[in-house]
K.L.:
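Handing you this structure, nothing more for now.
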There are 2 protein chains.
Amino acid sequence: MGKELNAIPDIIISRLPVYYQHLKNLQSSSKEYVSSEELADLTGFSSSLIRKDLSYFGTFGRKSYGYDIYCLFQQINIIMGFNYKKKLIIIGAGHLGQALAYNKGYNERGYQLISIFDKNPKLIDLVINDIEIQSVSNLERFLENNKVDVAALTVPGAAAQKITDRLVAAGIKAIWDFTEVPLKVPEDIFLEEQLINEGLCKLSLKMNQKRLNQDGTTEDLSCGQK
Amino acid sequence: MGKELNAIPDIIISRLPVYYQHLKNLQSSSKEYVSSEELADLTGFSSSLIRKDLSYFGTFGRKSYGYDIYCLFQQINIIMGFNYKKKLIIIGAGHLGQALAYNKGYNERGYQLISIFDKNPKLIDLVINDIEIQSVSNLERFLENNKVDVAALTVPGAAAQKITDRLVAAGIKAIWDFTEVPLKVPEDIFLEEQLINEGLCKLSLKMNQKRLNQDGTTEDLSCGQK
DNA sequence: TTAATATTGTTAAAAAAATAACATAACCTA
DNA sequence: TAGGTTATGTTATTTTTTTAACAATATTAA
C-alpha cells in the first residue's frame, strides 16, 4: 500500500475535524465571515497555521474580510467527504454501543446507521433509537445484502479479533474501533482507534506535571539498565 | 501561564496513551521483555522514535534484551500520574453519560467515579453501576464537601457553557468535555476535548481520498476569492 | 575465552511543521 | 480618488520532529 501521491499530511487531517466543528458552530451565529485570527482564538492554532492549512486545499478567503463561513464549511465538508453517503453498523450493543446508537453526529457527516448486532439473546430484537438489534450470527448474511462502509466495534476485548476477522472476510473496508486491544487487519483496511480514555490520560498527566512543577521535583525515572 | 520549563512535548504526550495501552495488553502475555522493534510493530511508530520517546524520561532498557514489560508499564503509569488518586464526576446522565458510568478504564488510571448529576427529575435517584444520579442543583454543595479533580461533561451543547461556569466557580480544575461546542474557561483550567466523532471524520476523509485517487481527479476547490 | 549477535541510548542528518514576515489586493473613509 | 486599513496567500526562516546511523554493551554460541 503506502501513502498516495497527494495524501493530505496527517497533521492537517488531525486539525480538520476541529475546523469542521467550529465552522459548524459558527453557522448558527449571525456572522457571515470569519478571519484566520478569529479562528485562531477559537481553535488555539495560530492564524498563520490556519491560513497555511486552508491554502493546502485551495483559495477560500476574501482579502480584508476573511473566510465566508458558509462557503468554507461546505468546502470542509467536501474535503472530508461528508457529501458522500456511507452506511454504518455497530457491533456490540453494550452500554457504549447503545450510546453510539443515539449519537447525533452521523447524518451531518454523511453516515447512516443501519443496524446493530449483539451476541446476547436478551438484547436481540430490542429497538434502540429506531434500530433493531439483531444477532451477530446474521452478520455475514446482512453484509452480503447490504453495502456497509464502516463497522463500529464496541464488543469486549476478548471477542474483538474474531469479529474483526469476520468483518474483513465479509468485505468491510473501514473499522471504527472502541475496543482497547490491538487488532490485526490487512493493510488495505482503514482502522481508526478511538481511545475513549485518551482525554483522561492526558488530564492525569497534566495534573501530575503541575504537581511536579510545584514541588520542584525533577525526578529521573531510570531503571532496568544493568 | 504558558508552558512549564520541563513540559513534555505535546507530540510525546499524544503517544503515551498508546504505549500505555500496548504495555497493558502485553502484561497478560507470557513475554517478559519487549524490544523497540516489537513495539514499533504494535504501535506503528518507528523503533527509533520509540527509543527516543522513552529516553526522554530516563533509561529503561536492557541492551540486547529490550524493555522489561512490567517495569516499563509501571514507569509509564508513574509518568502519567496514574499512581495518584483522582476523583471524577459526570455531569449529564444521558446515553453517553450513562455509558461513561460503566467505563472500566477509571481504576487502572487512578480515577474514581464518585457521582453523576442530571437535570431531568426522571433520572434522579436512578442508580447506574452503583452510582446514584443526583440533581445538578446539588452540584455546588457536593463540590464543597468533596474534593473533585475532574468533571466529565456530557450535557447538551446548549447547557455546556453555563455548567462549565458553575464548575469553574466551584473550583474544578480539569474538564473532560464531550459536548461539541467551544467552551470558554480561564487559562489555568485543563480542558480536554473528546471529539467522539473524530474517528468517523477521519474514516470518511480517508475513504474519500481513496476514491479521488482511483478517479484520478485532482480537484482544486478554490472559491470565494474575488 | 572469543567472536557473533542483538538491542539499547544517543548523536548527527534529514524532513516536516510552525512561525514570522510581507507583498498583494480588497475594502473603507473622507 | 487617494490614503489608510485589513486580512489573505505565500515565501523565507526557524523550530520541531523524525529518521538514520552507530558506538557501546550485554548476551549467546562456539
Side-chain angles (χ1 to χ4, degrees), chain A residues 2-16 18-19 23 26 31-69 71-72 75-76 79 220-226, chain B residues 2-16 18-19 23 26 31-69 71-72 75-76 79 220-226:
Chain A
K3 303 269 178 202
E4 302 297 335
L5 256 75
N6 52 350
I8 306 168
D10 278 353
I11 194 79
I12 297 185
I13 292 182
S14 73
R15 284 188 292 261
L16 284 174
V18 181
Y19 295 135
L23 287 166
L26 283 168
K31 289 164 57 68
E32 198 180 341
Y33 286 86
V34 65
S35 70
S36 59
E37 205 62 58
E38 288 168 307
L39 281 173
D41 279 347
L42 287 170
T43 61
F45 312 144
S46 77
S47 62
S48 187
L49 180 59
I50 291 169
R51 291 199 300 279
K52 202 138 196 255
D53 277 355
L54 296 179
S55 77
Y56 182 89
F57 300 104
T59 301
F60 303 114
R62 192 172 155 193
K63 291 229 165 71
S64 92
Y65 262 79
Y67 300 91
D68 178 309
I69 291 171
C71 168
L72 185 54
Q75 296 301 333
I76 298 258
I79 292 164
D220 184 25
L221 296 165
S222 303
C223 80
Q225 192 80 284
K226 261 209 183 153
Chain B
K3 303 268 178 202
E4 302 297 334
L5 254 75
N6 52 349
I8 305 169
D10 277 352
I11 195 78
I12 297 185
I13 292 182
S14 73
R15 284 188 292 260
L16 285 174
V18 181
Y19 295 135
L23 287 166
L26 283 168
K31 289 165 57 69
E32 198 180 341
Y33 286 86
V34 65
S35 70
S36 59
E37 205 62 59
E38 288 168 308
L39 281 173
D41 280 347
L42 287 169
T43 60
F45 313 143
S46 78
S47 63
S48 188
L49 180 59
I50 291 169
R51 291 200 300 279
K52 200 129 198 264
D53 277 355
L54 296 179
S55 77
Y56 182 89
F57 300 104
T59 300
F60 304 113
R62 189 172 156 192
K63 291 231 165 72
S64 92
Y65 259 79
Y67 300 91
D68 179 308
I69 292 171
C71 167
L72 185 55
Q75 296 301 333
I76 298 258
I79 293 165
D220 183 27
L221 296 166
S222 302
C223 82
Q225 191 81 284
K226 260 210 183 153

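In what follows, chains are A, B, ... by sequence order, proteins preceding strands, each numbered from 1. Values in this document were obtained by computation on a predicted structure and should not be read as measured data.
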K.L.:
Separation of B/Y33 atom OH from D/dA26 atom P, in whole Å?
P.N.:
13 Å
K.L.:
Would you indicate which nucleotide in C/dC27, D/dA7, D/dT18 comes nearest to any side-chain atom of A/Y65?
P.N.:
C/dC27
K.L.:
Whole angstroms only, please: what is the CD-P distance between A/E37 and C/dA20?
P.N.:
11 Å
K.L.:
Do you know which two heavy atoms are closest between A/Y56 and A/I8, and how far apart they sit?
P.N.:
OH-CA, 3.6 Å
K.L.:
Let me know the distance between CG of B/D68 and P of C/dT7, rounded to the nearest Å.
P.N.:
15 Å
K.L.:
Counting only side-chain nitrogens and oxygens, does B/R62 get under 4.0 Å of the OP1 or OP2 atom of D/dA24?
P.N.:
no
K.L.:
Working to the nearest 0.5 angstrom, can you tell me the gap between A/Y67 OH and A/L72 CG?
P.N.:
7.5 Å
K.L.:
Given atom NZ of B/K63 and atom C1' of D/dT25, what is their separation to the nearest angstrom?
P.N.:
5 Å
K.L.:
Nearest 0.5 Å please: distance from the CD1 atom of A/I11 over to the CD1 atom of B/I11.
P.N.:
5.5 Å
K.L.:
Specify the residue among A/S64 and B/G66 whose closest nucleotide of DNA chain C lies further upstream toward the 5′ end.
P.N.:
B/G66
K.L.:
Can you tell me how far P of C/dA18 sits from CD1 of B/I11, to the nearest Å?
P.N.:
8 Å
K.L.:
Going from OG on B/S14 to CD1 on B/I12, what distance comes out if it is rounded to the nearest 0.5 angstrom?
P.N.:
9.0 Å
K.L.:
Please round to 10 degrees the angle between the axis of the first five pairs and the axis of the last five pairs in the helix from C/dT1-D/dA30 to C/dA30-D/dT1.
P.N.:
10°
K.L.:
Looking at residues 39-54 of chain A, who's got a heavy atom less than 4.0 Å off DNA chain C?
P.N.:
A/S46, A/S48, A/L49, A/R51, A/K52
K.L.:
Using the side-chain hydrogen bond (donor to acceptor under 3.5 Å, both in side chains) definition, which of the options B/S46, B/S35, B/S36 pairs with B/R51?
P.N.:
B/S36
K.L.:
Can you measure from CZ (A/R15) to CG (A/L54) and round to the nearest 0.5 angstrom?
P.N.:
10.0 Å
K.L.:
Nearest whole angstrom, please: distance from the P of C/dA16 to the OH of A/Y56.
P.N.:
12 Å
K.L.:
Going by the rule side chain to side chain contact (heavy atoms under 4.5 Å, CB included), which residues pair with A/T43 if we only count those two or more places apart in sequence or in a different chain?
P.N.:
A/V18, A/Y19, A/H22, A/F45, A/I50
K.L.:
Looking at C/dG9, I'd like to know if its phosphate oxygens (OP1 or OP2) sit under 4.0 Å from a side-chain N or O belonging to B/Y67.
P.N.:
yes
K.L.:
How many angstroms lie between atom CZ of A/F57 and atom CD of A/Q75, to the nearest 0.5 angstrom?
P.N.:
11.0 Å
K.L.:
May I have the distance from B/D10 (atom CG) to C/dA16 (atom P), rounded to whole angstrom?
P.N.:
21 Å
K.L.:
Check whether any side-chain heavy atom of A/Y33 lies under 4.5 Å from a side-chain heavy atom of A/R62, and answer yes or no.
P.N.:
yes
